[in-house]
Q: 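For reference, the structure I am asking about is given below.
In the text below, chain A, chain B and the rest are named by the order of the sequence lines, each starting its count at 1.
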Amino acid sequence: MKMVYLVIAYSLIAGLLTIYAAGLVLRTRKINRALQDGNG
Amino acid sequence: MNSTFSVHHVREIQSTPPSAGIYWHILEDRASAKVLRVLAPITAALIAVALYMALFYAPREATMGDAQRIFYFHVPSAWIGFLSFFVVFVASIMYLLKRDPKWDSLALSAAEIGVLFTTLVLLTGPLWAKSAWGTYWVWDARLTTTLVLWLVYVGYLMLRSSVDEIKRPQMAAVIGILGFLDVPIIYLSVTWWRTMHPTLLVGDSGGLDGAMRLTLMVALLSFTLLFACLLLMRVRLEQKRNEWARRSALQEV
């Protein structure tokens, strides 16, 4: 049973960090496109 | 697009000489890209090593069993949360002194990362507590003050998206400075009040086993490098947003 808490905790850490890092990459690509397209 | 750059910064930026310090040089787009290319693989490798050590190298704790292994990433998450808010604290003071939007960008970037890691602390802590104490949450001094810290910086981020753009950096800087006062209270809460939260002992006087201590140190180092990577990425994004906002503002003028 205690193993379940460990799996949930590590999954939460890995999941949230991955989502945040992926979000940073996607947001940076989006603004790069906007800058290249001269939308500013 | 929500940016730390405002139309009112245009004249200010045009009349401000470029910063010559090595610090801002590192944050320049090309330089930070180079640093990231080196730092990201090292960070990924070190996190993999820390994960291996936490799961297989560190011994199984006698009373709590495998749930104790949550600790190896719970403590580094708390450390990065505190480090992030310290960066917010310093950058906010620098903004109020220099009025340079770059400091405001750094404060915003660090606050976002601090909230992320404090969220991880508040999620993983109760999972550990359930197996150790039999309950997910108690209104213990350390837990409560950590929750307050999280709420303050969530408020900081919400304020940034709701306040008028002229007042935004100053108001955010004041909250960024005042919010950090909670960090020493959290750190000292286990000595000031009787709490259920364990005190971390890493000295020679006792506490952690040698393998557990080494695992914790590797995990702390890996998360510190991860913090550096995320901060560089987030500051780069903010600089690009500011550039986009600057171009928009110049077109409007």
Side-chain angles (χ1 to χ4, degrees), chain A, chain B residues 1 3 29 33 40 47 51 54-55 60-61 63-74 76-77 109 112-113 115-117 119-121 123-132 136 223 226 229-251:
Chain A
M1 185 59 193
K2 288 183 175 181
M3 190 72 178
V4 174
Y5 296 122
L6 177 69
V7 172
I8 295 171
Y10 278 24
S11 303
L12 280 171
I13 293 170
L16 283 180
L17 288 177
T18 306
I19 290 168
Y20 182 72
L24 279 183
V25 171
L26 291 175
R27 284 192 285 172
T28 306
R29 281 186 188 170
K30 188 180 170 187
I31 195 75
N32 275 342
R33 270 203 299 275
L35 285 169
Q36 282 171 0
D37 295 347
N39 290 337
Chain B
M1 198 172 289
S3 162
D29 190 38
I47 287 174
L51 189 59
L55 291 175
R60 193 165 186 269
E61 210 270 340
T63 50
M64 280 180 282
D66 286 322
Q68 183 271 339
R69 298 179 198 276
I70 292 171
F71 156 87
Y72 298 116
F73 291 98
H74 172 78
S77 299
S109 305
E112 206 176 275
I113 295 167
V115 167
L116 171 72
F117 280 92
T119 305
L120 291 176
V121 172
L123 289 173
T124 56
L127 289 166
W128 176 89
K130 180 64 180 170
S131 62
Y136 288 107
F223 265 37
L226 178 64
C229 287
L230 290 175
L231 189 64
L232 274 173
M233 287 168 73
R234 186 62 185 83
V235 170
R236 275 181 81 194
L237 171 63
E238 203 56 36
Q239 284 177 336
K240 286 171 190 287
R241 277 181 167 178
N242 288 345
E243 174 60 20
W244 188 87
R246 191 184 66 86
R247 286 189 196 177
S248 301
L250 286 173
Q251 277 185 0

Q: Heavy-atom distances under 4.5 Å only: say whether B:Leu226 touches chain A with side chain, backbone, both or neither.
A: side chain

Q: Within the distance-only criterion (no hydrogens, no angle test), does the side chain of A:Tyr5 pair as donor or acceptor with the backbone N or O of B:Ala129 below 3.5 angstrom?
A: no

Q: Identify which part of B:Leu230 has an atom lying under 4.5 Å from any heavy atom of chain A, answering side chain, backbone, both or neither.
A: both

Q: Identify which part of B:Ile70 has an atom lying under 4.5 Å from any heavy atom of chain A, answering side chain, backbone, both or neither.
A: both

Q: How are the rings of B:Phe223 and B:Phe73 set to each other: parallel, tilted or perpendicular (split at 30° and 60°)?
A: tilted

Q: Charged N to carboxylate O below 4.0 Å: is that the case for B:Lys240 and B:Glu243?
A: no

Q: State whether the side chain of B:Arg234 and the backbone N or O of B:Ile113 hold a donor-acceptor pair below 3.5 Å, judged by distance alone.
A: no

